[in-house]
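Encoded as structure tokens, the structure appears first; notes follow it.
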Amino acid sequence: DTPFVTLSNYQGLSDNYVRAIVQQVDSSIMIGTARGLNRYLNGKISSVTGNQSLQNDSILSLAPAQDGGLWVGMYSTGLMKWKDGKVQENYDSSNPLFGTQIRAIQEDRHGNVWIGSPMGLFQKNGKQVKKITAKDGLPDSFIISLLESKSGRIWVGTANGLGFVDGEKVQSINLSAYNDAQTVFGLSEDPDGTLWIATDRAVLRLRDGKIATVGVQQGLPVATVFQ
């Protein structure tokens, strides 16, 4: 037996280009492809229905909702919340509240939904929406990645550096001193609070307020890391 199993269009994926993966509470794996959303459960792949965009659009981002639903961000048709086989909320081109290209989603412990798009960062609390951009302190308004830390801080990866939102505080962190890093593609946190930052120039490690570089010179095979 091999430790890896390959899932592709031969096994039923809508497309081999996969941009987002997340596990749901029922142990199903939701897979966002360039041609729609798939569900993997008990060794079988099925296409998610309920809306044409879920079957045809490129899925850029996925995030579990606290109520068991799934937030889905798409390349050209905005944001949707999918649950129990139906679309419960739809912010598409006819209602482009957050823009039509949703690159990052994070539902925090308080039920706020953070949405990242080329238009900025949005904090959705029920029907109330707050927009945060470079004018408010982020390094750039083009948002690519999001992560809620164990302390409740929202880390924000942008096309031009790293930022965070902590309560009413919005702050930028310039990464150019670290191999000229600019674009933050992915964010992950260790149990001890260490933040790992995947960028276009290296992986960066933020621990105890200090940043270290893990790049080609340190042994990585490539400089650009997406997640």
Side-chain angles (χ1 to χ4, degrees), residues 15 17-22 30 32-37 51-54 56-65 70-82 87 89-108 112-125 127-148 153-166 169-176 180-188 195 197-201 204 224-227:
D15 194 90
Y17 189 7
V18 175
R19 298 287 294 265
I21 300 176
V22 72
M30 308 304 293
T33 80
R35 294 183 180 178
L37 181 63
N51 184 280
Q52 198 69 22
S53 294
L54 292 176
N56 296 329
D57 203 355
S58 180
I59 309 299
L60 298 182
S61 51
L62 299 169
L70 181 71
W71 292 101
V72 184
M74 288 161 286
Y75 182 79
S76 60
T77 48
L79 176 73
M80 294 182 189
K81 184 180 180 183
W82 180 83
V87 174
E89 297 183 44
N90 189 2
Y91 305 93
D92 58 13
S93 56
S94 64
N95 181 26
L97 186 60
F98 317 107
T100 57
Q101 188 181 118
I102 308 301
R103 292 191 164 265
I105 315 167
Q106 175 75 55
E107 184 169 329
D108 68 22
N112 297 299
V113 183
W114 298 83
I115 301 136
S117 82
M119 293 173 55
L121 175 65
F122 299 84
Q123 180 187 9
K124 179 181 180 297
N125 183 358
K127 294 183 178 180
Q128 295 183 334
V129 175
K130 179 181 179 181
K131 185 177 181 180
I132 305 171
T133 68
K135 293 180 180 179
D136 304 296
L138 289 178
D140 197 273
S141 297
F142 196 119
I143 312 302
I144 296 175
S145 54
L146 294 169
L147 175 73
E148 181 187 19
R153 173 178 288 181
I154 302 297
W155 287 102
V156 185
T158 80
N160 191 31
L162 179 68
F164 66 81
V165 180
D166 199 342
K169 182 179 181 181
V170 181
Q171 187 168 320
S172 298
I173 299 176
N174 191 332
L175 303 178
S176 60
D180 290 322
Q182 184 174 10
T183 305
V184 178
F185 293 113
L187 299 162
S188 183
L195 182 70
I197 308 157
T199 80
D200 57 337
R201 292 293 185 268
L204 305 181
T224 300
V225 178
F226 292 98
Q227 189 60 270

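Small disclaimer: the values here were computed from a predicted structure and weren't measured. These values consider heavy atoms only, across backbone and side chains, with no hydrogens, waters or symmetry-generated copies.
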Taking side-chain contact (heavy atoms from CB on, under 4.5 Å) as the definition, give me every residue that meets it alongside A104, ordered by chain and number, with sequence neighbours left out.
L146
Pairwise side-chain contact, V156 with L162, heavy-atom cut-off 4.5 Å (strictly under)
no
Would you please test T199 and L204 for side-chain contact (heavy atoms from CB on, under 4.5 Å) and show each step?
CA-CA 8 Å; T199 80; L204 305 181; 4.1 Å; yes
In terms of ring plane angle, is the pair F185 and F226 parallel, tilted or perpendicular, where the classes change at 30° and 60°?
tilted
Go through L54 and V87 one step at a time and tell me if the side-chain contact (heavy atoms from CB on, under 4.5 Å) criterion holds.
CA-CA 9 Å; L54 292 176; V87 174; 3.9 Å; yes
side-chain contact (heavy atoms from CB on, under 4.5 Å) partners of A20, counting only residues at least two apart:
L62
Once side-chain hydrogen bond (donor to acceptor under 3.5 Å, both in side chains) is applied, do any residues pair with K169, and if so which ones, sequence neighbours excluded?
Q171
Quick one: list whatever passes ring pair (Phe, Tyr, Trp, His ring centres under 6.0 Å) with Y75, sequence neighbours left out.
none
Would you say the side-chain atoms of T224 pair up with the backbone N or O of R201, donor to acceptor, closer than 3.5 Å?
no
List the steps and the verdict of side-chain contact (heavy atoms from CB on, under 4.5 Å) for L79 and V72.
CA-CA 6 Å; L79 176 73; V72 184; 5.9 Å; no
CG (D15) and CD1 (I59) are apart, to the nearest 0.5 Å, by 11.0 Å
Determine the minimum heavy-atom distance between S53 and M80, stating which atoms define it.
CB-CE, 3.6 Å
Any idea which heavy atoms bring A159 and Q182 closest together, and the distance?
O-CG, 3.3 Å
Point-to-point distance, once rounded to the nearest 0.5 Å, from OG of S61 to CD of Q106
11.0 Å
So CZ of F98 and CE of M119: to nearest 0.5 Å the spacing works out to 10.0 Å
Any chance you could measure N56, atom CG, to N51, atom CG, to the nearest 0.5 Å?
9.0 Å
For residues 153-162, which residue pairs qualify under salt bridge (Lys or Arg N to Asp or Glu O under 4.0 Å), counting only residues two or more places apart or in two chains?
R153-D166
Restricting to pairs with a member in residues 115-125, which pass salt bridge (Lys or Arg N to Asp or Glu O under 4.0 Å), not counting sequence neighbours?
E89-K124
Min side-chain heavy-atom separation D92-T100 under 4.5 Å
no
Is the shortest side-chain heavy-atom distance between V113 and I105 below 4.5 Å?
yes
To the nearest 0.5 Å, how far apart are CG in L37 and CG in L70?
6.5 Å
Side chains of E107 and W71: closer than 4.5 Å at any heavy-atom pair?
yes
Return the set of residues passing side-chain hydrogen bond (donor to acceptor under 3.5 Å, both in side chains) with S76 (not counting sequence neighbours), or none when no residue passes.
D57
Quick one: list whatever passes side-chain hydrogen bond (donor to acceptor under 3.5 Å, both in side chains) with W82, sequence neighbours left out.
none
Checking R19 now: which residues fulfil side-chain contact (heavy atoms from CB on, under 4.5 Å) with it, not counting sequence neighbours?
Y17, L60, R103
Got a list of side-chain donor-acceptor pairs under 3.5 Å for residues 136-143, not counting sequence neighbours?
residue	atom	partner	partner atom	Å
D136	OD2	T133	N	2.9
D140	OD1	F142	N	2.8
S141	OG	A134	N	3.0

About how many Å separate OG1 of T158 and CG of L121, when rounded to the nearest 0.5 Å?
10.5 Å
Who are the side-chain hydrogen bond (donor to acceptor under 3.5 Å, both in side chains) partners of W155, not counting sequence neighbours?
none
Identify, with sequence neighbours excluded, every residue that meets side-chain contact (heavy atoms from CB on, under 4.5 Å) alongside D108.
H110, N112, W114, E148, I154
